[in-house]
Amino acid sequence: FVLYLNKQSSAFFLSPPRIKDEPDEDGYYASPKEDSKPLKRPREEDDDEYKPKKIKTEDTKKSKKRKQEEEEVKCETKRAPEGDNKKKKQKKEEEQKWKWWEEERHPEGIKWKFLEHKGPVFAPPYEPLPENVKFYYDGKVMKLSPKAEEVATFFAKMLDHEYTTKDIFRKNFFKDWRKEMTSEEKSTITNLSKCDFTQMSQYFKAQTEARKQMSKEEKQKIKEENERLVKEYGFCVMDNHKERIANFKIEPPGLFRGRGNHPKMGMLKRRIMPEDIIINCSKDSKVPPPPPGHKWKEVRHDNKVTWLVSWTENIQGSIKYIMLNPSSRIKGEKDWQKYETARRLKKCVDKIRNQYREDWKSKEMKVRQRAVALYFIDKLALRAGNEKEEGETADTVGCCSLRVEHINLHPELDGQEYMVEFDFLGKDSIRYYNKVPVEKRVFKNLQLFMENKQPEDDLFDRLNTSILNKHLQDLMEGLTAKVFRTYNASITLQQQLKELTTPDDNIPAKILSYNRANRAVAILCNHQRAPPKTFEKSMMNLQTKIDAKKDQLADARRELKSAKADAKVRRDEKSKKTVESKKKAVQRIEEQLMKLEVQATDREENKQIALSTSKLNYLDPRISVAW
DNA sequence: CAGCGCACTTAGGAGGTTCTCA
DNA sequence: TGAGAACCTCCTAAGTGCGCTG
């Protein structure tokens, strides 16, 4: 079953249950028996460590003992006298007793004690085009300076992409390209439309093709070379453990590809040099040397953060980081904490729901807006919706940043009362479109919030994420808007799995059920994907197969019928046997048909839905394991 | 309490690799 | 065995949320 889960969540299967991982009163996270044993994480300094194949289980006695100890800690906490400060202090002490596999936990805020790494891998230097690949301006051959040529190749490589037809993209690109030109080039090249990149484009296409056509040995060689690079730079040592680094390669230069309608699309992402790089490692480690003839921007020793390398990117001026792989302790632990917070929310979510329902009646506008927004976040799993700088990014919104133009109120629609129609672009400019019936009070409140406002005005003008999260913090320690998404995603999976699966289903049916449960979550979270380019065709192929199977089935049935009739007349062993084999054939074909139909359903339902994001980030893996 | 910087999580697309089935 | 589908990994953009400052 582990195969159905993304490998990147694998840290979970290896993490010892530090507090009781037992089902609560509703059977939430009911674990199989084996699950209660602590699982040992192989810690040899092994090249394969990041994808451990064997999971050793610790001996049961020891685990029982540990469990008892943890239980005692818990009980003590429970018996502890009330009083916030004391409670908090005790909680901190309790936290300090937790272990990440027989290890001391760091004091709060400290992320590591020792960190050593080899530094980043820089993008390969630019290789000038061969002489025979020409660039034409206004129909005439033109030899570009290396710098201008490099930037031109970025554009040429994207020529087939829709991006290069967009006005903003072209404008931004041309502006930044001109900055890289010599004054001579600048005076000649004044119009992008007169630039002919086709030879460059063809050259790169030929290269891609050649790469595809390479022999097995050559491909193997490249693969080995990559593996060597990973071996050398892809790992670091953090607190006695060798850990895999997620992105040890510095992003190569290129043209910025924003998502959606991004005002900066096409701008030049400049090459990152060692002089841009900040190295973070521990004082007592071997500091990675900068490339010969270069210097780092800075070397620091900050153990309150998890990153190894950072630099400032030139498009938005934001900081980029090199951090560890999801299989690392530091990421896995954080991930686990996230799901534990979601589990804590489960315990008080009813109270919170009652509270926000009460708040819909509040005399204070601010409180009402907060309550309605929270209702949306809870019911529809919307994102928080931080403010963003206007004109710097694509125009997308979340809950708190919804504008009047993003919703439509229908007192009645499709035979239902109090319908709200949402239509806005969310993260990554993915459209959120949904029609939902809401409670009358919510509907009336929305009417109130929209009164005397322009379409481009904020729906929740007295609210932002910081106000909302401060309120949530008061309701439960560690509660923020995003916790609702995690909680509702995981609980939906659990409920759907329970509802959709029957123990005696066959395997394809169970897979379909699991995918359907996963799909319910993906729909809730609005995780979409572009339908595969060959979707229609592949669907048609499948349908042809199904039709053929159906014909085959009809034939087989007919044959069975005639065999039966035959057997009735002849009454001999041979004809009886024929009937039996024909029967089996019908059965087999029926099964095959069923399998195909299940496949078709699964694929059709999955056309525009991406299951991976929820699997990776929202579904507590323990639910899947338990199922 | 606004505004900003920083750190970290969540996201879809591209493109390569592996699997499946006729 | 080969084509096409499915899957996986990498890449990097785009979110969330916290803490500091004035």
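None of these values were measured; they are calculated from a predicted model. Order of the sequence lines fixes the chain letters, A, B, ..., with proteins taken first and strands second; residue numbering starts at 1 for each chain.
- In terms of phosphate contacts, A/Lys320 brings no side-chain nitrogen or oxygen within less than 4.0 Å of OP1 or OP2 of C/dC11.
- Checking the phosphate oxygens (OP1, OP2) of C/dA13, a side-chain nitrogen or oxygen of A/Lys269 falls inside 4.0 Å.
- Sequence order on DNA chain B of the closest nucleotides to A/Ser310 and A/Ser614 puts A/Ser310 first from the 5' end.
- For the pair A/Lys482 and B/dT10, the criterion of a side-chain N or O lying under 4.0 Å from OP1 or OP2 is met.
- One distance of note links NZ of A/Lys269 with CZ of A/Phe154; it measures 10.0 Å at 0.5 Å rounding.
- One finds no side-chain N or O of A/His262 lying less than 4.0 angstrom from the OP1 or OP2 phosphate oxygen of C/dA13.
- Heavy-atom nearest nucleotides on DNA chain B were determined for A/His527 and for A/Lys366, and the one closer to the 5' end corresponds to A/Lys366.
- In summary, the side chains of A/Arg257 and A/Tyr163 do not present any donor paired with an acceptor at a separation below 3.5 Å, with no hydrogens or angles considered.
- In summary, the aromatic rings of A/Tyr433 and A/Phe422 are positioned with their centroids too far apart to meet the 6.0 Å limit.
- Among the nucleotides B/dC8, C/dG17, B/dA11, the one closest to the side chain of A/Arg259 is B/dA11.
- Remark: A/Gln316 is in phosphate contact with C/dA14, judged by side-chain N or O atoms under 4.0 Å from OP1 or OP2.
- Looking at residues 424-432 of chain A, you'll see A/Lys427, A/Asp428, A/Ile430 sit with a heavy atom under 4.0 Å from some atom of DNA chain B.
- Residues from residues 379-391 of chain A that place a heavy atom under 4.0 Å from any atom of DNA chain B, listed by number: A/Arg383.
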